[in-house]
Amino acid sequence: MTDGTASRRDHMPATKADWDADFLKDVLDGLGRTVKALPAKYFYDERGSKLFDRICELDEYYPTRTETAILSRHAGDIAERLDRGMTLVELGSGSSVKVRLLLDVLDEPAAYVPVDISGEHLEASAARLAADYPDLTVKPIHADYNRPFPLSVKGGPERALAFFPGSTIGNFSPDEAKAFLARLGRQLGVGGRLLIGVDLKKDKARLEAAYNDASGVTAAFNLNLLERINRELDGTFDLSSFAHRAFYNDQLGRIEMHLESLRPQTITVAGVPFRFQEGETIHTEVSHKYAVAEFADLAREAHWDLEETWTDAEDLFSVHLLTAIGAPSRLRA
Ligand code: AVI
């Protein structure tokens, strides 16, 4: 359980000042653009993470419970396709809930490696998991999984299984998703496996309801970004003059979340002024939806072979098992 502790800090910014500097730079850069935008990764401060946990329990937000149902139903089938002694690497492990469905059925897993950017969350859930699975080696890695982190897998690439649930891949643009998958394939090596959850294209009304819940939790999650900027970067956003907007963009196959200015106004962040017209928005998130064939094509372009796909009866969500095949030049080498 303590493995990884020594190397953790090497992969994180050294001090809180560095974090703030990154956040400040990204916010000034994003608000300074002609089409204002902020990176979605900044949603997840302490309050944002709690709000996201509440989103996952909403009636309208089908992805979490649908993915969990697919995993519970097909866990045995998934395990049958994997060797004994797999190292299970979970990217963005959060509270490590879904992974238990796999740990319950895998044949003597060699280790569970949760990777998460939130150190406290990571340590607490790794400790809970280690207590519940006393025979399992748990090696948490405190890192941003979007950047390279050290990973050693006993038995080589064929014993590595990355787990990336929740359709977080949808929060990347298709090009970013491809780059991310290609990098992960290189990191695991040829023969490495990936079990990934991907939200599917579906009826627009159903999609839009999932991001516009009646109780306003998603709106609070979106607006919390402005609250965070006010608190951490000396921002002057008046939250009552911005409104949550979420809609499905048919052409780009994605939900877009925005914060719309309800009046002409000027706000400042760290003393820097930004002018808003009435109706102007800050683009805060994309959540791409894929048909199964579209995702298989994207994965193939990133040098992954689709081995199997599981969906639910309504075809709301998909879980895919993939194998890293390596870039053609590497295969020739
Ligand atoms: C984390 N991610 C997969 C969520 C999604 O559905 O794109 C984030 C989210 N944003 C609003 N609701 C949920």
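Count residues from 1 along the sequence. Counting convention: from 1, in listed order, for ligands and their atoms alike.
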Do me a favour and list the nearest non-hydrogen protein atom to atom 7 (O) of ligand 1 with residue, atom name and distance? Ser287 OG, 2.6 Å
With no hydrogens and no angle check, just 3.5 Å: does a side-chain donor-acceptor pair link Thr137 and Tyr112? no
Is the closest N or O pair between Thr218 and ligand 1 shorter than 3.5 Å? no
Using a strict 4.0 Å threshold on nitrogen-to-oxygen distance, state whether Glu307 and Arg193 make a salt bridge. yes
For Gly166, the atoms of ligand 1 under 4.0 Å from one of its heavy atoms are 3 (C)
What do you reckon, does Gly170 put a non-hydrogen atom under 4.0 Å from ligand 1? no
Flag the pair Leu31 / Val269 as yes when at least one side-chain heavy-atom distance between them is below 4.5 Å, and no otherwise. yes
Counting from 1, what ligand 1 atoms have a heavy atom of Tyr44 closer than 4.0 Å? 1 (C), 8 (C)
Could you tell me whether Phe43 approaches ligand 1 through its side chain, its backbone, both or neither, with non-hydrogen atoms closer than 4.0 Å? neither
Tell me which one of Ile196, Leu306, Leu161, Asp77 satisfies side-chain contact (heavy atoms from CB on, under 4.5 Å) with Leu321. Leu161
For atom 9 (C) of ligand 1, what is the nearest protein heavy atom, given as residue, atom name and distance? Glu285 OE1, 3.6 Å
For Tyr290, which of Val198, Asp199, Asp297 qualifies under side-chain contact (heavy atoms from CB on, under 4.5 Å)? Val198
According to the interplanar angle, ranging from 0 to 90°, do the rings of Phe221 and Phe52 count as parallel (below 30°), tilted (30 to 60°) or perpendicular (above 60°)? tilted
Side-chain donor-acceptor contact under 3.5 Å, Thr168 with Asn171: no
Can you pull out the closest protein heavy atom to atom 4 (C) of ligand 1? Residue, atom name and distance to 0.1 Å, please. Tyr61 OH, 3.4 Å
Would you say Pro63 touches ligand 1, if touching means a heavy atom closer than 4.0 Å? no
Give the numbers and elements of all ligand 1 atoms closer than 4.0 Å to a heavy atom of Ser167. 3 (C)
Taking the minimum heavy-atom distance to atom 2 (N) of ligand 1, which of Ile55, Asn171, Thr64 ranks first? Asn171
With no hydrogens and no angle check, just 3.5 Å: does a side-chain donor-acceptor pair link Tyr44 and Lys50? no
